[in-house]
Every structure is written in C-alpha cells, then in structure tokens.
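Here's the structure we're looking at; comments come further down.
Computed from a prediction, not measured in an experiment: that's the story for all the values here. Order of the sequence lines fixes the chain letters, A, B, ..., with proteins taken first and strands second; residue numbering starts at 1 for each chain.
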Number of protein chains: 2
Amino acid sequence: MVSIRDISSKCGLSVSTVSKALNGYSYVKEETRRKVIETAKELGYVPNASARALKTNRTFTLGILFADDQHNGLTHLYFSHVLNSFKSEAEERGYNITFIHKRYGKQTITLLQNCKFRGIEGVCIACVEPDEPEVQELAGSDVPVVSIDYIFPGCGCVLSDNRNDMSELVRYVHSKGHKKIAFVHGTDSYVTQQRINGYVDTMRGLGLEIKREYMLESLYANPHTAKKATEKLLRMEDRPTCILLPDDVSAFGAIEAIREAGLKVPEDISITGYDGVVYSQLIYPRLATIRQDTGRIGREAAKLLIFNIKHAQNPNLVPIVIKGELLAEQSVGFAR
Amino acid sequence: MVSIRDISSKCGLSVSTVSKALNGYSYVKEETRRKVIETAKELGYVPNASARALKTNRTFTLGILFADDQHNGLTHLYFSHVLNSFKSEAEERGYNITFIHKRYGKQTITLLQNCKFRGIEGVCIACVEPDEPEVQELAGSDVPVVSIDYIFPGCGCVLSDNRNDMSELVRYVHSKGHKKIAFVHGTDSYVTQQRINGYVDTMRGLGLEIKREYMLESLYANPHTAKKATEKLLRMEDRPTCILLPDDVSAFGAIEAIREAGLKVPEDISITGYDGVVYSQLIYPRLATIRQDTGRIGREAAKLLIFNIKHAQNPNLVPIVIKGELLAEQSVGFAR
DNA sequence: CTGAAAGCGCTTACAG
DNA sequence: CTGAAAGCGCTTACAG
C-alpha cells in the first residue's frame, strides 16, 4: 500500500507538507500542491481511514440498529424504505453506514461497546424493542441517537404523524357513511398508543360509539393474527361495516378472512391498511391506506443525526413529525 | 477514552503485557491476566478498532454493493431478504457490514478506492449494473468479491438455479395441460439468459411450439411494463393460455391487465410469478411461482466471501447454485 | 512469563 | 509557505 511517506520522498517534500497539500488545509504553494496531487495519482495513493480516524478521532460512520419484534429486520417493507433514504442522505453528506451488532470476534459485547469500539459517531434506532436494556443503555449514552417512531428521552426522533393520520383515516371512513368502525391495532408501543388515541378521540368527536369489542390486538406486519382478528369481528352479531388494520400486510390477512367468509370488499365490508406499501396499490380492490413518506422520514433522520453529532453540546431534541398521505382507495365503499 | 496505557499504569504492568493479556495470546501468568481483565472492566475499557486496524491491517469489515437498474436498492423485496441473511451470517462470524459508495467527504472516488480507503476486506455485489466500469474495476481488483446471480470472471458467486427452476415451472404448467405458454422475461442479463434457455429448451423438449410473439421483454420488478406486455398478449388472436412473468411484482401488473380485460385468473388464463415473495401467497388466487431460498443464498454468499478472504491465494471460484422451490399454487389452472 | 522498542499511516500545533 | 516532532492506541517481534 502506498502511503503519504512514499509521496513525500518521491516529491522531496516533508510528510507534513504532503498531508496539508492533500487535505487542502493551511497554506501550501499552488505549485507544490499540484505536484503532490499529481504524484499521489501517479502512485495510486489512497488514504488510510484507520490511520486518519486514530489521529482525528472521527470515523464519519453512522450505525443502524434495526430489528423488530418479529425479526423481519431489513425485510420489513416499511423500514427498508426508511433505511434506504437514510442511507442515501447520509452518504451524500459524506458519512458511511454500518450495522450495530453484539459481536466482538467470537465474543459478545453490548451494543454500546460495539459503537465505542468501532468509533461510530451516531446511531439511528428503528423498529426495535425499545425496552431492551442494551438499547436503553445506548439511547442513554453519550453517543448521539435518533430514533424513528419512538421517543427516547434525551434523543432526537422522527415520528410519523400517527395520531392525526389515524384521525384522518377515521374521518374519511366516516364520510363514506360508516359508523361501526372496528380497529385492529398492533401490540402496545408508542405508535400504537398514538393511533389508538387518534381513533378513540376522533370516534368520540364524531359522536360514534366506541365498542370495546371492536378494538382487537394483532401483531404488526402479521397477516395471520390479523386474519384471526378479522374472523372474530365477522362472527359478531353486530358486526362492523369497516375494519381498520394495523398495516397493509395485515390487511392482506383481513382480505383473506373476508373472502373465506363469502363476503366481498368493499361491497359487504370495507377495510383499510396503513403504511401504503407498493403492493397495497397493486391489488384489487386497491387498499385505502395511509401512505407514509418513508423518503422524508429517512432523510430527516439522517439530517437530524448528523446535526446532533455536530452539535453534541446542544442537540436538537424536538420531534420531527412527518405527515402521511391518505390514499382514499377502493377498499372503502359506502356503508349501507 | 480509557486506553491500554491506563490499564498498564493502574496495574503496574507494561503496555505489551496488558495487550497480550487482553487478547489471550502468548504466555501470560493466569493471575496477571485476571488482574488486567478485571481492571479493564473496572475502568470501562473498550479497545479502539482504528488503532488495531492500523497495526494489524485487518478491519473485519465486509462491503455491500447493492443497487439495481431501477434504484430499488434496499427496498427490493428479493434482495433485502438476501442481504438480511448475509448480514446475520457475517456478523455471527465476527464481521461487520457496511455499504460501498462513491463518496469521499465532498468528493467522489471510485468504488474500489472507497474499499481501499476504508480497508474493506471483501465485497458482496448484488443486484447491480454489472457493466458499469467501476463495478468491473472492483470485480477485477485484488479485493475479494462474491456476486449474486451474476458471474464475474475470477470472482466467487452464488447463483439461483434459474435454468432448472424455469424448466420446472414450464413443466408444471405443461402438466396442467397448457401448450400456449407465453414468457414475459426481464431485460437482458445473466439471469434472464438462463431463464430464457430454460424456457426454450424445455418447451422444445416437450414438443411445444415456441412462438416469437409469445416472448416479450419487461423490466424486472415493474408492474407497469408487465401490465403492458400482458395487455399485448391478451389482444393477440391466438392468445396464450398461460403467461410466465419475470417476478411476483410483475405478476401483480399482469393480474391487473387480466382483470381489466374482463378475464379471470385462473379460469380464463393462468399466470406464474417468480421469487416467491410473501405477498404472492397472501392474495387470491395465490400465485404459482418459484420461491427462492433467499436465506441460503445470503448465508452461502457470506460464507464464501469470508472463505475467499482467508484463502486469497486460492479462492473458491466454483459457482454455488441454490435451487428454488416450485409453489404449485392457484394461479395456474387446467387449460381448457 | 514480562517489558522496551519500533512502527502501522496519518494530522497538527509549533517553529522557522 | 515548509518541515521536524510528537502522538493517536494498538500489536508484535525481540530480548531478557
């Protein structure tokens, strides 16, 4: 590997001058700079990130912590979109992306130790069990953290506008004449709380009855538990005319249950999804849903994290809320 | 940050002894080792990866190059699954994962330079425009490369068994009585070539006519171009009784075209997908398709890459072929 | 079994 | 504008 020293001897200059010329700092005679750069190219010089990091204490590396309760990880349709835009934005700003894990050779260390070890400058936490002690430790450490769809005290965060988006969804369904609106919600979490609040308050505001039996729990992104919940709702004497599902994948499960019951969407019963993944718009009937602006969520998260790295003494902790978009599609019909 | 030097002074030992004790090499008195480890824990010592890498020339970091022609990147359903298992396997073996890109601060460098700069030990190339000069440069360099679904000369690779899987699909469709089998294939690539070969040879072997008009090109993972191609096939006088699509996402486009033509799957026309993504089994009719073993593909790629890093002088370049699984589902009916 | 010394490749005050 | 020197935190022959 050719080093700065090779350039220096070839040019007859000191190592420090070469370093300055290469990095464009301080005063270096234009001619000298040109000669150095030319020689570097000629020799195929590539700097050594480890050496630089050791000296400057900067790695320009952001970590991603990314694992949901069902271990979908990267295959989670919603979060893979968020991650994708996070990555683009971060790379554009000169940062590298890596994944945080617990391995250290053949041993196991904590997530925080892994970050320290590798000199990771900041971490984006998404789609993770926030109650895990190691995640808490990381979020409470001096490593800047930005979370998505969850609030860690003292950390920046980007949130989708669950409460208001949910409210909009309920109002839309109501505008189609529905009064008996069931809500199959995800398991308990910050997001779920927000959505339940949006649902309950809006129902109340519209003067609609909130039936305890109309609110069922199901795992996120799990069509099977969603199917079960839907079946339960369909069996009720006074069954709902519309079912709100926790996400689009769950909606696929609901559709299956409805079809197996010999019913049709939206003629016999209406449903909605959540997230607005591409598949929800490729089926018939197209799914009424909330399309999350995953591009903005990821980009804002990257920007915020980088900002907070630069302003570690005075980070921006105000939640950034990203509004979703109602897709008023075919799976909601007029209530009869 | 507490360093090895802090431990050494606290213990009254030399830095070298501390290093040896911590790393478990060479002879260190058991008592000494215990004292060092205890003090390290007490002080909250975490090693410095940059310093170690600078000295040992090893980063234990694998790079991912990952961008398809349509810039789906991480959101590509098939490849995100492959990546997910690649990541698990690599991390279990003590390697870190990062993404390769062209940024160097505010400047742009080549992919190979980025790898050299960051000391990346090996790269997994997936879902990329293999003809790009920078990708070629990387694949032809001394950095070990493993590719997925593509063969770079001199590099290891993991391939799905496109030719045989395609053949199995055609034979399955034929077993249901279909003779007029159209093939909407993806744009030209290694994978496409293999599948076309599988299609053509099997059709021929079954004594079926191969109509030039039955073979149409469409972008991968693009429901819109697939829909267009399907519409074209449906308008033909002598239209096919079954259409093979390039992937499951495309199949969604085909289904739309068929529905809009007032026809039904599989009663009026049969279709198949490819890849076996989860959504293909959540719709009605469930999609007949080839389910790729993305878990194995990713794991084998990681294992192979790590093997080739360790055996750089004598790498394993024999393609690893991973068979898919035929899902004989509802979207193919009996030909009338 | 332990330690002194060199050095990985770079950056950066400091002096000139 | 240029250079000598120190040092980032670690590992590793080598000597004892």
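In this structure, the CG atom of Asn57(A) is 12 Å from the C1' atom of dT11(C), given to the nearest Å. Atom CG in Leu13(A) sits about 14 Å away from atom P in dC1(D), given to the nearest Å. The interatomic distance linking Arg5(A) (CZ) with dG7(C) (C1') rounds to 10 Å, in whole Å. If you take CD1 of Ile4(A) and C1' of dG3(D), they are 13 Å apart, rounded to a whole angstrom. We find that CG of Leu22(B) is positioned 16 Å from C1' of dT2(C), with the value rounded to whole Å. Residue Phe117(A) contributes atom CZ, which lies 15 Å from atom P of dG9(D) at whole-angstrom precision. Look at CE on Met1(B): it is 15 Å from C1' on dC10(D), rounded to the nearest Å.
Dashed line: the shortest gap from a side-chain N or O of Ser3(A) to OP1 or OP2 of dG9(C) is not under 4.0 Å. Distances shorter than 4.0 Å separate some side-chain N or O of Arg52(A) from OP1 or OP2 on dT11(C).
For DNA chain C, the neighbouring residues in residues 28-50 of chain B, judged by any heavy atom under 4.0 Å, are Val28(B), Lys29(B), Thr32(B).
Contact check on Glu89(B) versus Arg93(B) returns a salt bridge, with a Lys/Arg side-chain nitrogen under 4.0 Å from an Asp/Glu carboxylate oxygen. Ion pairing between Glu38(B) and Arg34(B) fails under the 4.0 Å rule for side-chain N and carboxylate O.
A distance-only check finds no donor-acceptor pair linking the side chain of Gln107(A) to the backbone of Tyr104(A) [under 3.5 Å]. A donor-acceptor pair under 3.5 Å is formed between the side chain of Asp6(B) and the backbone N or O of Ser3(B). The backbone N or O of Ile97(B) sits less than 3.5 Å from a side-chain atom of Thr98(A), completing a donor-acceptor pair.
Of the candidate nucleotides dC10(C), dG3(C), dG9(C), dG9(C) has the atom lying nearest to any side-chain atom of Leu54(A).
Ring-plane geometry between His311(A) and Phe307(A) is classed as parallel, the angle between the planes falling under 30 degrees on a 0 to 90 degree scale with a further cut at 60.
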Under 3.5 Å, N/O pairs linking protein and nucleotides 12-16 of chain C:
none

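Using the Watson-Crick or G-U wobble rule with both distances under 3.5 Å, dA13(D) pairs with nothing in any strand shown. Figure legend. dA4(C) is base-paired to no nucleotide; pairs are counted as Watson-Crick or G-U wobble with both atom distances under 3.5 Å.
Between Arg299(B) atom CZ and Asn84(B) atom CG the span is 11.0 Å, to the nearest 0.5 Å. With rounding to the nearest 0.5 Å, the separation of NZ in Lys116(A) from CG in Asn48(B) is 12.0 Å.
When all heavy atoms of Val158(A) and Glu300(A) are compared, the pair lying nearest together is CG2-C, 4.1 Å.
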